[in-house]
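The next block holds one structure in the form of structure tokens; read it before the comments.
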Amino acid sequence: MNNDDALIEGEEHRNANGDEGRGVVAVVVILVGAPGSGKTTFCNAVMSAARRAWVRVCQDTIVNGKAGTKVQCLKAAADALREGKSVLLDRCNLEQEQRADFVKLGGSRADVHAVVLDLPAKVCISRSVNRTGHEGNLQGGKAAAVVNRMLQKKEPPKLSEGFSRITFCQNDKDVNDAVGMYCGLGPSDKLPSGVFGQKSKEAKVQLGIMKFLKKVDKDQSQSSFSRETRKSDSCAMEIENKNEDKKEKVDQSTSHSTSLSDVPTLAFPSISTSDFQFDHGKASDIIVETIAEFLQKAKNVRLVLVDLSHKSNILALVWDKAAKKSIDSSKFFTFVGDITQLYSKGGLRCNVIANAANWRLKPGGGGVNAAIFSAAGEALEVATKERAESLSPGSSIAVPLPPSSPLYQREGVTHVIHVLGPNMNPQRPNCLKNDYVKGSKILRDAYMSLFENFASIAHSHAKRENVKDLKAKRESFNDSETSKKYKGFFTSDDEHNNEHEQLLAEIRSDTSKFIKSSEKEKNSAESRKRTWSSWALALHEIAIHPEKHKGVVLEMSNEFVILNDLYPKAKKHVLVLSRLDGLDSLEDAKKEHLPLLRSMHSAGVKWVQKFLSEDSSLSFRLGYHSVPSMRQLHLHVISQDFDSTHLKNKKHWNSFTTMFFRDSVDVIQEIEQYGAAKVSGDEKLLAMELRCHRCRSAHPNIPKLKSHIANCKASFPSNLLQNCRLLSASSVTTAESK
DNA sequence: GTTCTAGAAC
DNA sequence: GTTCTAGAAC
């Protein structure tokens, strides 16, 4: 690897300096970026200080200052090239298809570069919302929606599309650097090719990998593309149908038995069959065999083999073989989708996902590895590094995902298991040169290791009897060594060991709260109790002495008191306040509290019904804050309009719209199943960017968000529509009948 | 200049 | 939890 890097560096050097005498080399720079990302600014900056002739081609202004067509842009660009000028293409170009025709302008005539202005969505939205008199006329409230929609479809450019150079800019500094570079580009200069500035701090390594891949990518896409698509086209429909059926089955089962969607589920890609070129027939046999073996031992878990494409060959093979082996289709099935968006796009809850990692456990490269690292954010890189430096073929390592990771927040993924399979590709490290005896063993080991790791995670989850128990164990294990691997299925021999290992994993992964408290206050059970500020005692006072607060109490029983939230964050916002002294927050709730939680819930539902009878346009959620600000357990019953002057800041918003808010139905279910409810109390959750709770679009600040939600009519995300999490006029009748 | 956030005090 | 306000962002 080091050798590769050195080689690449040498090449760069030659390219950057060694092209005098070759004459003028025109460049087509295809800008890629959402509205507000600064494409026009970029063009103007380059052209104002350029050392070569540039023509800016902008679709928004191409017809005498007015918007034109793509064809007109192509013509203008071609004309410019013919005159020996270089081209700055100023249009969004976020999708590959939109870029393809412009890339074709290259070839012998010109180098084609991409400059990706990949600034945070928030920045683009903020700029396009605020701008006035922009040529594209994308202003005002609609801008945010447009930007969001476009960003969802974005496909980062790849060298394989035909670019000779791609520059990613993630912030203003990157943009300025890129401007400077193109300004300084003289008529006969040529910039080094490759990918630059992609999300990795080790740009050189990244470049090395990308260059290395470029060659392989092309080779592969030519050979395996024709081979595979033709073959699979004939059965594509079939697979699609099967998967449709399958998905329906899953949906049905989730709606019938409320627990299925929360069964620990592992989503995994096929290991070694794409980039590592392992034979699909042999691989599918191994997948099905190891799954069958695993499912015999493991109870109450699900496995899902995921591939991006309906045309996946391996998915079809595994599907057929699993059916022939009569593998229980509720415990194992295949799924077509992006493994980093199974929940948000596919409605499939998977708390653990596997990553087809490289031996260095580095992000980038391509395929699943790049996708997962990029979706999980830097948090995964850091967490991975803490655990291991590298991975050997046939093994795997589980990494708990910090709650700050977008994958955790958006998809509910708590662990990523990195797996490394055997390599049959001569252009990759450790190639087995067609030795399928060795290869098959390694692939089998890889899956076994993956499933074992998953089993440990699932097992520990189920083992969480109650929070107190866990805390006690945590403390006793707190100082132990960490680097051992998880081992064993659910055999009694390994059980103790497993618990130990998993508790360690939990200590590291779970909400930092526990760690902090166990570090600060070691052994005394009393001192572990949270201290509350004076203002945080108001609810406790009402709960213990409701008779003194008749003015605010709406309803009262022995178990709870109902009152309006003093600072309602929506049109309707009431609290169902437990009267049980000593039960202060969700993390203290245990099985013994289930009757109380259930009656609080149904009291809340009754109020929802009352509110709905007054205004049927409202929708409601019932839930708890993971870490409440006020003492005394209280259930929020809140309408989803969030139309209130008291909703003023990010914390308010995120406390009701992220995983910080734990739906009462889920809380009850988790306590029934595991003895405790999961709390997502990470501070970062409350500092997250502002997203619409309906359409998930991002907004630059609270006022903009509020004006958006006042008008957003998008349907709620699918997860809220399941399991009676969201109550509305149409759903409440079904909730009642349950 | 105004708008908006975020930290401290309560 | 809210209020107040300095100063960042626009």
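Quick note on labels: first sequence line is chain A, next is B, and so on, each numbered from 1.
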#### Entry: Any donor-acceptor N/O pair, A:Asn148 side chain to A:Ala698 backbone, under 3.5 Å
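Between the backbone of A:Ala698 and the side chain of A:Asn148 there is a qualifying donor-acceptor contact (under 3.5 Å).
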Which one, [options], comes nearest to the side chain of [X]?
| X | options | answer |
| --- | --- | --- |
| A:Met630 | C:dG1, C:dT3, B:dT5 | C:dG1 |
| A:Ser629 | C:dG1, B:dT5, B:dA6 | C:dG1 |
| A:Asn701 | C:dG1, B:dT5, C:dT3 | B:dT5 |

Nearest-Å distance, [atom1] ([X]) to [atom2] ([N])?
| X | N | atom1 | atom2 | answer |
| --- | --- | --- | --- | --- |
| A:Leu539 | C:dT2 | CG | P | 12 Å |
| A:Leu686 | B:dG7 | CG | C1' | 15 Å |
| A:His646 | C:dT3 | NE2 | P | 7 Å |
| A:Asn649 | C:dT5 | CG | C1' | 15 Å |
| A:Asn654 | B:dT5 | CG | C1' | 14 Å |
| A:His634 | C:dG1 | NE2 | C1' | 9 Å |
| A:Leu566 | C:dT3 | CG | P | 9 Å |
| A:His699 | B:dC4 | NE2 | C1' | 17 Å |

### Query
Using a distance-only test with no angle check, is there a side-chain donor-acceptor pair under 3.5 angstrom linking A:Tyr624 and A:Arg662?
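No, because no side-chain N or O of A:Tyr624 sits under 3.5 Å from a partner of the opposite role on A:Arg662.
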### Query
Can you name the one residue among A:Asp118, A:Thr167, A:Thr41, A:Leu117 that meets side chain to side chain contact (heavy atoms under 4.5 Å, CB included) with A:Val175?
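It is A:Leu117, the one option of A:Asp118, A:Thr167, A:Thr41, A:Leu117 that forms the side chain to side chain contact (heavy atoms under 4.5 Å, CB included) with A:Val175.
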### Query
Do you know which of A:Val115, A:Leu89, A:Val116 makes side chain to side chain contact (heavy atoms under 4.5 Å, CB included) with A:Leu31?
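Exactly one candidate clears the test, A:Val115.
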NA contact type, [X], heavy-atom cut-off 4.0 Å: base, sugar-phosphate, or nothing?
| X | value |
| --- | --- |
| A:Ile702 | sugar-phosphate |
| A:Lys651 | nothing |
| A:His652 | sugar-phosphate |

### Phosphate OP1/OP2 of B:dA6 contacted by A:Lys648 side-chain N/O (<4.0 Å)
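For B:dA6, neither OP1 nor OP2 has a side-chain N or O of A:Lys648 closer than 4.0 Å.
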#### Entry: Side-chain N,O (A:Lys706) to OP1/OP2 (B:dT3) below 4.0 Å
no
### Query
What about A:Trp653 and A:His693, are their ring centers closer than 6.0 Å?
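Yes, ring centres under 6.0 Å apart.
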### Task
Indicate whether A:Trp535 forms a stack on C:dG1; treat it as stacked only if centroid distance is below 5.5 angstrom and interplanar angle below 30 degrees.
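Answer is yes, a stack.
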